[in-house]
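Worksheet: one structure, shown below.
Since the model is a prediction, treat every value here as computed from it, not as a measurement. One-based numbering, in listed order, for ligands and for the atoms of each.
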Amino acid sequence: MNRANDIKTPINVGKEVKIRGWVHRLRKQKEKTFILIRDDRGGVIQCVFPTQKIVPLTIESSIEVTGMLAKDDRAPEGGYEIRGSSLIVINIADVDFPIGEYQSAELLLDYRHLTVRTRRMIEIAKIRATILKFAREFFIEDDWMEVTPPIIVKGAVEGGSTLFKLRYFDEEAFLSQSAQLYLEALIFSLGPVWSLTPSFRAEKSRTVRHLAEFSHLEAEAPGVCLNEILSVEERLISYIIHNTVRERSDSLNFLKSDVPSITHINVPFDRITYHHAIDTLQSRDFKILDARGKKRTIDVGDDLNIDSERELTKSARKPLFVTDYPIQIKPFYVKEDVHRKGVGLSADLLAPKGFGEIASGGMREDDILSIKKRMKIEGLDPLHYEWYLDLRRFGSVPHGGFGLGIERLLRWLANIEDIKDTVLFPRTMSRIIP
Ligand code: AMO
């Protein structure tokens with residue numbers, strides 16, 4: 001079946017064309033009825049019928065139209081229209097289609113199963129699919145093996161407070177927060193590996209960049225150093241964004257993304273140390289809230305949060321790696337620099353223009369005693385991680401990797417304020433339907 005954008009070309013003018021789709025807009029005049037028909041990829045074309053010849057129609061009814069293609073500059077979306085000769089109704093929609101032009105964000109989320117038919121969501125879905133396509137292409141070309149780690153797991157990776165518990169037969173299990181530990185197990189026999197899985201975080205905070213379920217792209221490689229990991233991250237992201245801009249410029253422009261500035265991003269990305277970041281924030285008198293909700297100046301030892309990352313990147317032009325975090329604010333698996341006690345060999349990657357963290361990665365600790373000690377500090381029971389500790393007992397090698405949040409990348413690239421709009425069916429603390 002033809003799609004609107006394939007039909008709308010000069011060679012089809014004067015020829016009979018056929019299209020199947022949904023009534024996107026409907027305008028009835030005394031003589032003529034104008035139907036804007038939307039195909040199954042969101043393309044639209046105007047169809048015109050004599051009003052007395054047309055059956056009563058409603059928004060979102062599914063129809064099949066046949067007619068002659070004509071060029072008419074008054075026609076929306078490209079100046080072509082179909083002068084209809086036959087109209088078959090496949091399904092007449094109820095009269096009260098709930099999505100119109102001006103709806104609250106909450107209502108649009110309540111009706112997300114129907115909102116996915118709006119132009120905005122269609123363009124977002126296209127960009128998302130393109131990002132995933134080029135991510136996979138990058139790894140294939142760079143000789144990484146794709147693997148499929150489990151989603152139901154027994155242990156935390158990113159701290160116990162954001163674990164989703166579930167009943168697994170007669171025992172307790174969790175939804176995976178990160179595939180990292182499993183990827184670490186695979187590098188000994190499969191070399192550089194990567195995966196794309198849903199990760200789950202029981203995030204209690206409502207922010208514009210946290211979801212309870214997100215698409216997590218993770219990679220892990222043996223025999224690498226921190227610089228090599230960061231280089232893979234920047235090459236991957238650069239490959240994704242340049243190809244996505246090339247293939248989806250219309251969608252990005254529709255969403256008012258800053259395409260020219262993204263086009264100018266190249267590797268290497270910028271880098272600052274954690275201490276430099278704190279100095280910068282202090283010089284701007286940047287305040288954070290303490291545990292009692294009182295404002296105080298940010299200090300060494302504080303983690304960077306959504307506000308501090310926004311402040312650091314609000315005028316940045318390219319992504320920024322923050323390196324050399326104090327080891328105590330990083331998870332148990334982050335390797336401590338043997339030459340600089342207390343410094344973690346890891347880095348967070350912050351997107352420019354205030355969008356903040358999109359990826360995080362680094363070298364993995366290979367000293368088994370140190371891992372066990374830090375697990376205990378984090379309240380994790382090393383007994384649950386015996387299999388992981390085996391990786392340090394049997395032929396451990398220096399290794400590292402990273403995790404990239406697809407929704408965070410899409411949010412930055414497509415200039416989307418709320419991360420809920422980067423997913424077709426978002427999961428948050430207050431939303432599990434539809
Ligand atoms: P981290 O917890 O920083 O690190 O997660 C990696 C990346 O995943 C994305 N992300 C999220 N996206 C949406 N909603 C959330 N609630 C959410 N939480 C995280 C972010 C983040 O940068 N295993 C380590 C990574 C590693 O060292 O390999 C990890 O999961 O983009």
What residue among Ile358, Val322, Leu230, Leu409 forms side chain to side chain contact (heavy atoms under 4.5 Å, CB included) with Leu349?
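When Ile358, Val322, Leu230, Leu409 are each tested with Leu349, the side chain to side chain contact (heavy atoms under 4.5 Å, CB included) holds only for Ile358.
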
Which segment of [X] sits under 4.0 Å of ligand 1 when only heavy atoms are counted:
X      : value
Lys330 : neither
Ser178 : side chain
Glu220 : neither

For [atom], find the nearest protein heavy atom and state the residue, atom name and distance (0.1 Å precision).
atom                    : answer
atom 8 (O) of ligand 1  : Phe214 CE1, 3.4 Å
atom 25 (C) of ligand 1 : Ser360 O, 3.4 Å
atom 6 (C) of ligand 1  : His216 NE2, 3.4 Å
atom 7 (C) of ligand 1  : Gly403 O, 3.7 Å
atom 20 (C) of ligand 1 : Arg408 NH1, 3.6 Å
atom 29 (C) of ligand 1 : Glu158 OE2, 3.1 Å

Candidate list Arg128, Arg427, Lys420, test salt bridge (charged side-chain N to carboxylate O under 4.0 Å, His left out), partner Glu407, passing option
Arg128

Option nearest atom 30 (O) of ligand 1 (shortest heavy-atom distance, choices Arg201, Gln177, Glu218)
Arg201

Checking heavy-atom distances from atom 31 (O) of ligand 1 to each of Leu409, Ile358, Ile229, the winner is Ile358

With a 4.5 Å cut-off on side-chain heavy atoms, are [Y] and [X] touching?
X      : Y      : result
Asp39  : Val44  : no
Ile327 : Arg374 : yes
Gln46  : Glu77  : no
Lys335 : Arg364 : no
Phe164 : Arg201 : no

Under a 4.0 angstrom heavy-atom cut-off, which atoms of ligand 1 come close to [X]?
X      : answer
Leu211 : 13 (C), 14 (N), 15 (C), 16 (N)
Glu203 : 16 (N)
Glu357 : 3 (O), 21 (C), 22 (O)
Gln180 : 23 (N), 24 (C), 26 (C), 27 (O), 28 (O)
Arg209 : 13 (C), 14 (N)

Is the gap between the ring centers of Tyr274 and His276 under 6.0 Å?
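When the ring centroids of Tyr274 and His276 are compared, they turn out to be at least 6.0 Å apart.
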
Between ligand 1 and Leu404, is the shortest N or O to N or O distance under 3.5 Å?
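Checking ligand 1 against Leu404, no N or O pair falls under 3.5 Å apart.
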
Where the side chain of Thr115 meets the backbone of Tyr111, is there a donor-acceptor pair that is under 3.5 Å apart?
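Flag set: sc Thr115 to bb Tyr111 pair under 3.5 Å.
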
Quick one: does NZ or CZ of Lys330 land under 6.0 Å from the six-membered ring centre of Tyr325, within 45 degrees of the ring axis?
yes

Taking side-chain hydrogen bond (donor to acceptor under 3.5 Å, both in side chains) as the cut-off, I'd like each qualifying pair that reaches into residues 173-190, sequence neighbours left out, listed once.
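Counting only pairs at least two positions apart or across chains, the side-chain hydrogen bond (donor to acceptor under 3.5 Å, both in side chains) contacts touching residues 173-190 are Thr162-Gln177, Ser178-Glu218, Gln180-Glu184, Glu184-Tyr388, Glu184-Arg392, Glu184-His399.
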
Report yes or no: does a heavy atom of Arg364 sit under 4.0 Å from some atom of ligand 1?
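Yes, Arg364 has a heavy atom closer than 4.0 Å to ligand 1.
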
